[in-house]
Trainee: 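For reference, the structure I am asking about is given below.
In this chain, residues are counted from 1 in sequence order.
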Amino acid sequence: MTSPRAPRRAPRRAPRLVTAAMAVGVVLAGLLLPAPAFAADPTPSPSPSATSAVPAGTTVFTLSPVANGIVNPGDALSVSVSLQNGTAAELAPATVTLSLGRTPLADRDDLGEWLDGSSPELALEPIGTDSIAAVEPGGFQVRGITIAADDPALAGLAPGVYPLAASYPGAEGTVTSTSAMIVPPTDANDVGIGVVVPITAGPLSEGLLTAEQLAELTAPDGELTNQLDGVTGTAAILAVDPAVPASIRVLGTSAPESALEWLSRLEAIQNSRFALQFGDADVTAQLQAGLPRPLQPTSFSAYMSSSDFATPTPTPTPAPSDAPTTAPTSQPDSALPSTEELLVVGPATRQGVYWPADGTADEQIVSRLADIATDDGTAPVTLIPSSTTDAGSDGRTVSAHGRVGAGEVLVYDSDISTALDDASHQEESWLRGAPLTTATAYLAFAAAETKGPLLVTVGRGDGRSRVELGAAISAAFSAPDVTPRTIATVAAGEAFDVELTGVESSPERAAAASALVADESGLARFATILDQPSMLTGPERADILQLLGVAWIGDATWPTELADHRTATAGTLDSVALLPTSPSDLYGSSAALRFWVRNDLPYPVNLVLYTTRDNLRLDVQGETPIVATPQSNTRVEVPVQARVGRGDVTLTLQLRSPAFVAIGEPESVEINVYADWEAVGIAALAVVVGILLLFGIARTVLRMRRRRKGTDAAAPGPAESEATTEAKDASEAEQMSSTTDGDER
């Protein structure tokens with residue numbers, strides 16, 4: 001796993017391409033001047049552009065009604081027609097004919113067939129023409145046509161959705177672009193509508209955004225700024241990725257000023273909202289991987305520094321000023337924001353809302369999500385597209401609040417949402433009107449058919465400007481006969497039974513989620529070597545959720561990002577280990593064997609070295625506690641004692657965490673033991689000699705004691721002793737006298 005503060009890949013920007021099959025855009029009102037029926041707009045066409053964004057080798061002809069195709073009684077009909085040239089040859093000038101059918105389309109199915117060109121020929125009447133000049137390679141031309149309000153072609157049209165087409169004669173036949181004109185009813189009841197707008201940072205491979213990324217995304221033209229600008233002042237329902245506010249809050253005072261201002265704006269606006277999964281992680285893939293519930297972030301302590309959360313404390317200022325000044329004092333780690341505080345997405349948040357990837361949630365997924373309790377007791381709901389319901393797949397309108405088995409769902413209209421998403425990615429105003437008109441036409445049918453509030457989205461795409469996003473949101477809310485609703489209001493309505501069909505999940509993503517979770521389990525066991533295991537497990541969980549983000553679906557680089565992350569996790573698991581050992585010799589009776597522990601982590605780690613022997617020639621200390629210093633090699637000494645004997649001993653070394661988790665692979669080392677025989681022999685001989693000396697001394701002492709006792713038994717009594725003494729004295733005196741006399745003679 002990479003370091004929590006390692007640079008992260010910047011969010012991708014979606015390319016802004018115009019698809020050849022889609023009728024797109026709207027012309028600026030200034031380009032469309034009123035003119036009589038069949039009269040060409042006198043406004044000069046724009047200069048050809050050398051950067052026309054169409055596939056190479058193709059041409060795109062687009063009809064874009066103004067005002068989202070809505071024509072109230074007494075209003076004029078204004079459209080723009082554009083021709084883009086992606087070929088290497090110049091397109092010849094052409095005359096464009098605008099045609100209108102006076103019979104309204106019957107239903108949504110008819111509308112869909114008309115827009116995609118699969119419907120049979122409808123009876124259309126030409127109502128206007130205009131000329132398009134030659135279009136250079138890589139360029140485009142835009143012209144406007146206006147049909148006056150009093151033109152007979154518009155007279156007497158009843159409320160409904162009418163087929164509209166523009167065509168010109170091409171080199172290989174007539175080229176046609178289809179759209180619609182909506183005449184709204186005047187006496188219809190308003191229908192509630194909720195518009196869900198995601199606030200996300202796009203696909204990421206790291207848990208949180210860096211300060212540099214936040215500065216870019218929250219700059220005046222940054223993507224997060226555009227998203228917030230697009231929803232400000234509207235009644236849009238915000239689907240906020242909590243990773244975005246968390247990325248700002250973990251930086252504390254070191255967060256970019258623009259990011260802090262953006263967060264303040266998010267918290268201040270009163271739009272109803274709900275929190276996406278962290279990183280907008282795909283809940284379907286997680287549950288299909290066998291998890292009991294979607295993963296949640298565990299800790300952000302690895303991303304925070306106490307110095308970024310200093311508390312200003314008043315300190316006196318020397319005279320003459322009496323005004324207090326503030327000096328920052330660092331808070332202890334316990335005073336850092338909690339995980340829950342970091343993940344708050346703002347006021348009016350509806351709990352228990354899940355938004356799986358489009359078309360992946362089946363009845364089992366909905367049921368399992370419904371079983372997850374919320375803190376406030378709110379019933380969980382799952383957002384699903386209408387295209388995965390029986391009614392929706394048949395081209396019928398599905399009310400927003402539904403029930404699938406025992407679980408509640410919020411169904412968003414697939415046709416309207418797809419058109420709004422297309423419009424939100426159209427950079428050119430003269431192309432944006434086509435998908436906006438499509439959305440409005442489908443919404444007209446939905447409002448007339450629904451039994452309750454409607455729900456739509458603008459998709460999860462990125463790379464949208466505030467103008468593009470704002471236009472899509474406004475189109476939904478400005479459609480005839482609709483009234484904005486909050487997420488709570490939509491979810492509080494009557495729930496209708498819904499049957500699901502055509503759900504397709506991704507086995508590859510489920511397998512990826514399973515592999516990531518397995519890697520995380522191994523890392524969690526490994527992290528028990530740290531005083532704070534969350535320094536490793538917190539960033540790992542955040543990284544996993546980002547890699548499972550819905551924004552990665554369809555991205556060709558995702559497998560590479562996934563493989564890189566798993567490789568990094570394997571590298572983390574190998575960051576602490578014993579260095580290879582070599583055989584050694586042991587002379588003498590005792591010594592301390594030295595080994596080395598490698599620690600590549602930026603944190604100190606707690607380990608225990610377990611040492612076992614394969615024979616009894618050597619006594620070894622079985623457990624040796626270690627505190628390995630960060631990003632260095634630490635020496636470990638293991639005391640050993642040689643027994644009497646000589647030979648080879650194999651020691652098996654295994655590092656384990658204090659929780660007895662094996663760290664790294666075991667190592668074996670051979671020790672050649674040379675026992676100290678001379679010292680042992682001398683010691684043994686000294687013992688024997690000492691024993692013999694002690695034995696001899698003891699015998700001598702005992703013998704002398706016995707001899708002394710015998711002498712004392714043979715001695716005379718007191719009276720006899722005295723007489724004997726006198727006799728001895730007399731005898732000695734007589735002997736001396738004799739000797740003297742002899743000498744005199």
Side-chain angles (χ1 to χ4, degrees), residues 1 518-537 540 567-684:
M1 191 187 70
D519 290 348
E520 182 189 27
S521 297
L523 188 69
R525 293 190 294 270
F526 174 82
T528 55
I529 63 179
L530 299 180
D531 292 330
Q532 290 182 283
S534 62
M535 302 301 285
L536 287 181
T537 58
E540 176 70 6
T567 300
T569 301
T572 299
L573 295 175
D574 188 49
S575 61
V576 177
L578 282 165
L579 290 177
T581 57
S582 57
S584 60
D585 299 327
L586 176 64
Y587 297 94
S589 59
S590 62
L593 299 179
R594 294 179 178 179
F595 306 104
W596 294 87
V597 175
R598 171 177 56 84
N599 176 18
D600 296 335
L601 294 175
Y603 317 109
V605 299
N606 306 306
L607 299 163
V608 179
L609 177 61
Y610 288 84
T611 309
T612 57
R613 62 192 178 178
D614 68 342
N615 61 62
L616 300 178
R617 292 188 179 94
L618 201 62
D619 287 333
V620 61
Q621 179 173 290
E623 301 178 15
T624 306
I626 308 166
V627 178
T629 54
Q631 296 178 329
S632 63
N633 297 331
T634 301
R635 187 178 66 185
V636 184
E637 294 188 349
V638 179
V640 295
Q641 180 78 37
R643 293 187 174 187
V644 177
R646 179 177 180 177
D648 296 336
V649 178
T650 299
L651 298 181
T652 300
L653 311 175
Q654 175 66 69
L655 288 175
R656 293 187 180 273
S657 74
F660 207 67
V661 175
I663 305 299
E665 296 296 326
E667 293 283 344
S668 297
V669 57
E670 291 186 1
I671 307 297
N672 299 317
V673 180
Y674 296 92
D676 194 350
W677 282 99
E678 293 80 0
V680 174
I682 293 173

Trainee: Drop me the distance from Leu609's CG to Gln621's CD, to the nearest 0.5 angstrom.
Mentor: 9.0 Å
Trainee: Could you measure the distance from the CD atom of Glu670 to the OG atom of Ser582? Nearest 0.5 Å is fine.
Mentor: 11.0 Å
Trainee: Return the CZ to CZ distance between Arg594 and Arg635, rounded to the nearest 0.5 Å.
Mentor: 4.5 Å
Trainee: When you look at Glu665 and Asp574, which way does the side chain to side chain contact (heavy atoms under 4.5 Å, CB included) test go after all the steps?
Mentor: CA-CA 9 Å; Glu665 296 296 326; Asp574 188 49; over 6 Å; no
Trainee: I need the Leu618 CG to Gln641 CD distance, nearest 0.5 Å.
Mentor: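 One finds 8.5 Å between CG of Leu618 and CD of Gln641.
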Trainee: Under 3.5 Å, which donor-acceptor pairs link side chains of residues 523-531 to any protein atom two or more places apart or in another chain?
Mentor:
| unit_1 | atom_1 | unit_2 | atom_2 | d |
| --- | --- | --- | --- | --- |
| Thr528 | OG1 | Arg525 | O | 2.6 |
| Thr528 | OG1 | Ser657 | OG | 2.9 |
| Asp531 | OD1 | Asn606 | ND2 | 2.7 |

Trainee: To the nearest 0.5 Å, what is the distance between CG (Asp519) and OG1 (Thr567)?
Mentor: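 If I round to the nearest 0.5 Å, the distance is 9.5 Å.
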Trainee: So which atom in Leu593 and which in Ser584 form the shortest heavy-atom distance, rounded to 0.1 Å?
Mentor: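 Minimum heavy-atom contact is CD2-OG, 4.4 Å.
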Trainee: Can you see which heavy atom on Ser668 is nearest to which on Thr650, and at what distance?
Mentor: CB-CG2, 4.3 Å
Trainee: Give a yes or no on whether the backbone of Trp596 and the side-chain of Asn633 come within a donor-acceptor separation of less than 3.5 Å.
Mentor: no
Trainee: Donor-acceptor pair, distance only, cut-off 3.5 Å: does the side chain of Arg617 make one with the backbone of Asn672?
Mentor: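 Looks like no, no N/O pair under 3.5 Å.
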Trainee: Report yes or no: does Asp614 contribute a side-chain atom to a donor-acceptor pair with the main-chain N or O of Asp648 at less than 3.5 Å?
Mentor: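 No; judged by distance alone, with no hydrogens or angles, the pair does not exist.
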Trainee: Restricting to non-hydrogen atoms, name the atom on Asn599 and the atom on Tyr603 that form the minimum distance, rounded to 0.1 Å.
Mentor: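 In terms of heavy atoms, the two residues are closest at ND2-O, 3.0 Å.
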Trainee: Do Leu601 and Thr572 have side chains that get closer than 4.5 Å, going by heavy atoms?
Mentor: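 SC-SC contact between Leu601 and Thr572 confirmed.
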Trainee: Can any side-chain N or O of Gln654 pair as donor or acceptor with the backbone N or O of Gly664 at less than 3.5 Å?
Mentor: yes
Trainee: Can you check whether Ile626 reaches Leu655 side chain to side chain, under 4.5 Å on heavy atoms?
Mentor: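 Side chain of Ile626 against side chain of Leu655, heavy atoms only: contact under 4.5 Å found.
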Trainee: Work out which heavy atom in Pro630 is nearest to a heavy atom in Pro602; give both atom names and the distance.
Mentor: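 Heavy atoms of Pro630 and Pro602 come nearest at CB-C, 3.6 Å.
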Trainee: Are the charged groups of Asp619 and Arg613 less than 4.0 angstrom apart, N to O?
Mentor: yes
Trainee: Kindly state each residue pair satisfying ring-ring contact (aromatic ring centres under 6.0 Å, His included) with at least one member in residues 613-637, sequence neighbours excluded.
Mentor: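 Residue pairs with at least one partner in residues 613-637: there are none.
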Trainee: Quick check for you: to the nearest 0.5 Å, what is the distance between Leu653 atom CG and Thr612 atom OG1?
Mentor: 7.5 Å
Trainee: Which heavy atom of Glu667 sits nearest to which heavy atom of Leu578, and what is that distance?
Mentor: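 For Glu667 versus Leu578, the nearest heavy atoms are CG-CB, 3.9 Å.
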Trainee: Does any N or O in the side chain of Thr634 come within less than 3.5 Å of the main-chain N or O of Thr629, such that one atom is a donor and the other an acceptor?
Mentor: yes
Trainee: Would you say Thr624 and Phe595 make side-chain contact, with heavy atoms under 4.5 Å?
Mentor: no
